[in-house]
There are 2 protein chains.
Amino acid sequence: MARTVGSVGTKTFDEVRKAALYLFARHGYASVSMRQIAARVGVQAGAIYNHFPNKQALLSDLLTQHMRELIEACEARPTSKLPLNALEQFVRFHIRYHIDRADEVFIAYMELRNLEPENFREVQVLRQRYERVLRDILRDGAKAGAFEISDAPVAGMAIIAMLTGVNTWFRYGGRLSVSQIEEIYVKMVMQSVGVFEPTALLGALMEENA
Amino acid sequence: MARTVGSVGTKTFDEVRKAALYLFARHGYASVSMRQIAARVGVQAGAIYNHFPNKQALLSDLLTQHMRELIEACEARPTSKLPLNALEQFVRFHIRYHIDRADEVFIAYMELRNLEPENFREVQVLRQRYERVLRDILRDGAKAGAFEISDAPVAGMAIIAMLTGVNTWFRYGGRLSVSQIEEIYVKMVMQSVGVFEPTALLGALMEENA
DNA sequence: TAATTAAATGAACGTTCGTTTAATTATGTG
DNA sequence: CACATAATTAAACGAACGTTCATTTAATTA
């Protein structure tokens with residue numbers, strides 16, 4: 001096997017992905033050498049080329065794979081017909097997923113510019129598909145009078161930025177639990193779109209984690 | 001002059017800073033070579049070392065300088081005693097400043113990890129001083145009953161992430177003007193902390209840009 | 001005008017980079 | 001067990017990296 005991302009799922013393939021993810025997230029794509037990745041796997045640099053044609057393919061694989069899994073998980077999330085509940089469910093999903101996959105999320109934002117044009121476009125399309133989920137919830141909710149927002153696209157970008165920002169400061173073992181953080185963000189997002197009364201769903205979950 | 005950041009304010013010094021800012025923002029610190037920076041200035045790579053001792057000092061200078069100017073501008077912004085107005089003024093300042101200095105803001109977030117420990121700490125201290133401004137507004141406002149927030153530190157980080165996120169999508173000449181974007185974000189932030197009625201200040205500015 | 005200093009050049013330094021190649025080892029199938 | 005194939009190693013490639021340095025050029029001061 002050589003010159004292509006083909007040995008999917010084999011032991012070394014997965015270990016190379018994992019090592020690259022770890023190192024890219026901590027030091028950045030451009031600062032990490034193939035030799036460093038190989039050393040972390042316990043192998044020589046040349047061995048990586050049996051699983052990935054080059055360094056760029058390794059980055060591209062990590063990013064597109066992450067975006068695909070994000071979308072897949074997002075489509076499998078619980079969703080209500082009520083815009084209000086749908087938004088809350090999206091927020092909970094996004095916060096949880098982005099805390100669980102901190103490294104993947106981080107490089108998906110930081111290393112976009114190190115993707116060659118074709119790979120960049122592929123990731124960009126996937127990202128836009130994800131952002132559209134929230135934008136549609138907001139648009140439908142605004143149309144139904146459930147939300148008080150000036151502009152659904154901007155509101156969507158603002159909310160995603162707010163939520164994803166949790167990754168820049170959250171660390172396990174800190175002052176707040178994941179559940180507590182989730183509640184804080186849910187409340188802020190709901191309020192930001194003009195929803196002030198706790199919903200049944202919101203109220204029940206706040207009791208649960210009180 | 002050599003081996004130190006000493007030729008501050010000279011022509012080439014400023015041009016090197018500007019070229020580095022431009023290139024770091026677009027391609028990332030690690031991906032930009034001293035030769036590329038020099039070429040953009042119209043000079044040979046060695047000439048840069050008459051103004052900066054090394055590449056790291058160039059990055060560090062850009063980041064600390066940016067943070068200092070941000071804090072200086074922040075301290076010069078209009079500020080009300082009323083938490084509600086103070087928050088609105090902070091939001092307007094932050095949005096404007098971060099749209100005006102897109103490149104500086106971008107590298108201040110993206111290239112932190114490429115700073116050596118000592119330089120990193122310096123920038124981090126400045127960043128925390130800035131974040132504290134918003135946190136104090138939120139804390140005081142919450143104490144006075146002006147805001148409906150669960151946790152001032154988290155709310156502060158969430159709001160800053162939301163506002164700074166404008167840099168990832170805003171481009172001049174787009175669908176919305178800077179003023180319109182400012183209004184949208186002001187409204188979202190005020191609502192996110194539980195403020196729903198347009199204030200006098202908010203109302204007046206919305207009229208102005210209607 | 002002469003002396004001094006600053007700035008820039010152009011070549012070179014040692015090192016590291018991503019990647020390739022030939023030889024060797026491991027693996028799995030008849 | 002033999003044999004084919006896949007995986008890995010160790011060495012090497014040319015290119016590019018940050019940085020240094022002797023020297024030249026330009027500007028300033030004496």
Side-chain angles (χ1 to χ4, degrees), chain A residues 1-24 26-63 107 111 113-119, chain B residues 1-21 23-24 26-63 107 111 113-116 118-119:
Chain A
M1 186 65 53
R3 307 308 127 209
T4 160
V5 184
S7 55
V8 180
T10 67
K11 182 155 170 289
T12 309
F13 178 89
D14 289 342
E15 284 177 357
V16 168
R17 277 185 102 261
K18 208 172 135 188
L21 173 65
Y22 179 90
L23 292 171
F24 288 169
R26 267 143 203 86
H27 309 295
Y29 172 76
S31 297
V32 173
S33 70
M34 296 297 270
R35 287 172 179 82
Q36 284 176 271
I37 299 169
R40 203 175 158 78
V41 176
V43 101
Q44 294 297 317
I48 296 177
Y49 290 83
N50 288 320
H51 307 281
F52 298 90
N54 50 47
K55 192 184 176 188
Q56 168 74 198
L58 186 40
L59 176 65
S60 178
D61 180 72
L62 286 173
L63 263 56
I107 66 167
E111 306 300 351
R113 60 174 162 193
N114 286 311
L115 286 177
E116 288 164 8
E118 193 178 352
N119 299 327
Chain B
M1 187 63 53
R3 308 304 129 210
T4 160
V5 184
S7 55
V8 180
T10 67
K11 182 155 171 289
T12 309
F13 177 90
D14 290 342
E15 285 178 356
V16 168
R17 277 185 102 263
K18 208 173 136 187
L21 173 66
L23 291 171
F24 289 168
R26 267 143 202 86
H27 309 295
Y29 173 75
S31 298
V32 173
S33 71
M34 295 298 270
R35 286 171 180 83
Q36 283 176 273
I37 298 169
R40 204 176 156 79
V41 176
V43 98
Q44 293 298 317
I48 295 178
Y49 290 85
N50 288 321
H51 306 281
F52 297 89
N54 49 46
K55 192 185 176 189
Q56 169 73 198
L58 184 41
L59 177 65
S60 179
D61 181 71
L62 287 173
L63 263 56
I107 66 167
E111 305 299 351
R113 60 174 163 191
N114 287 310
L115 287 176
E116 288 162 10
E118 194 178 351
N119 298 327

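Sequence lines set the chain letters: A, B, ... in the order given, protein chains first and strands last, and positions in each chain run from 1.
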V41(A) near the nucleic acid: base, sugar-phosphate alone, or nothing, with a heavy-atom cut-off under 4.0 Å?
nothing
Can you check the M34(A) CE to dT9(D) C1' distance for me, whole Å?
16 Å
Taking only side-chain nitrogens and oxygens of S33(A), does any of them come within less than 4.0 Å of OP1 or OP2 of dC17(C)?
yes
Separation of atom CG in N114(B) from atom P in dG18(D), rounded to whole Å:
12 Å
Report the base-pairing partner of dT4(C) (Watson-Crick or G-U wobble, both distances below 3.5 angstrom), or none.
dA27(D)
Parallel under 30°, tilted from 30 to 60°, perpendicular over 60°: which one fits the rings of F24(A) and Y29(A)?
perpendicular
Reading DNA chain D from 5' onward, which residue's closest nucleotide shows up sooner: V43(A) or R35(A)?
V43(A)
Would you mind reading off the distance between K11(A) atom NZ and dA7(D) atom C1', rounded to a whole angstrom?
12 Å
Spacing between Y29(B) atom OH and dC17(D) atom P, to the nearest angstrom
13 Å
Examine distances only and state if a side-chain atom of Q36(A) and a backbone atom of L23(A) form a donor-acceptor pair shorter than 3.5 Å.
no
Okay, side chain of E15(A), backbone of T10(A): is any donor-acceptor separation there less than 3.5 Å?
no
Side-chain N or O of T12(A) closer than 4.0 Å to phosphate OP1/OP2 of dT8(D):
yes
Rounded to whole Å, please give me the gap between CD1 in I48(A) and P in dT19(C).
10 Å
Length of the NE2-P vector between H27(B) and dC17(D), whole Å
12 Å
Judged by atom type as modelled, is there a donor-acceptor pair below 3.5 Å linking the side chain of Q56(B) to the main-chain atoms of E116(B)?
yes
Between dA6(C) and N50(B), counting only base atoms on the nucleotide and side-chain atoms on the residue, is there a donor-acceptor pair under 3.5 Å?
no
Return the value, rounded to whole Å, for the distance between atom NZ of K55(A) and atom C1' of dT20(C).
17 Å
Length of the line joining Y49(B):OH and dT20(D):P, which is rounded to integer Å:
7 Å
With a 3.5 Å limit on both atom pairs, tell me what dG28(C) is paired to, counting Watson-Crick and G-U wobble, or say none.
dC3(D)
Can you find a side chain N or O atom of Q44(B) that sits less than 4.0 Å from OP1 or OP2 on dA8(C)?
no
Just to confirm, is there a sub-4.0 Å distance from OP1 or OP2 of dA8(C) to any side-chain nitrogen or oxygen of H51(B)?
yes
Are the charged groups of R113(A) and E111(B) less than 4.0 angstrom apart, N to O?
yes
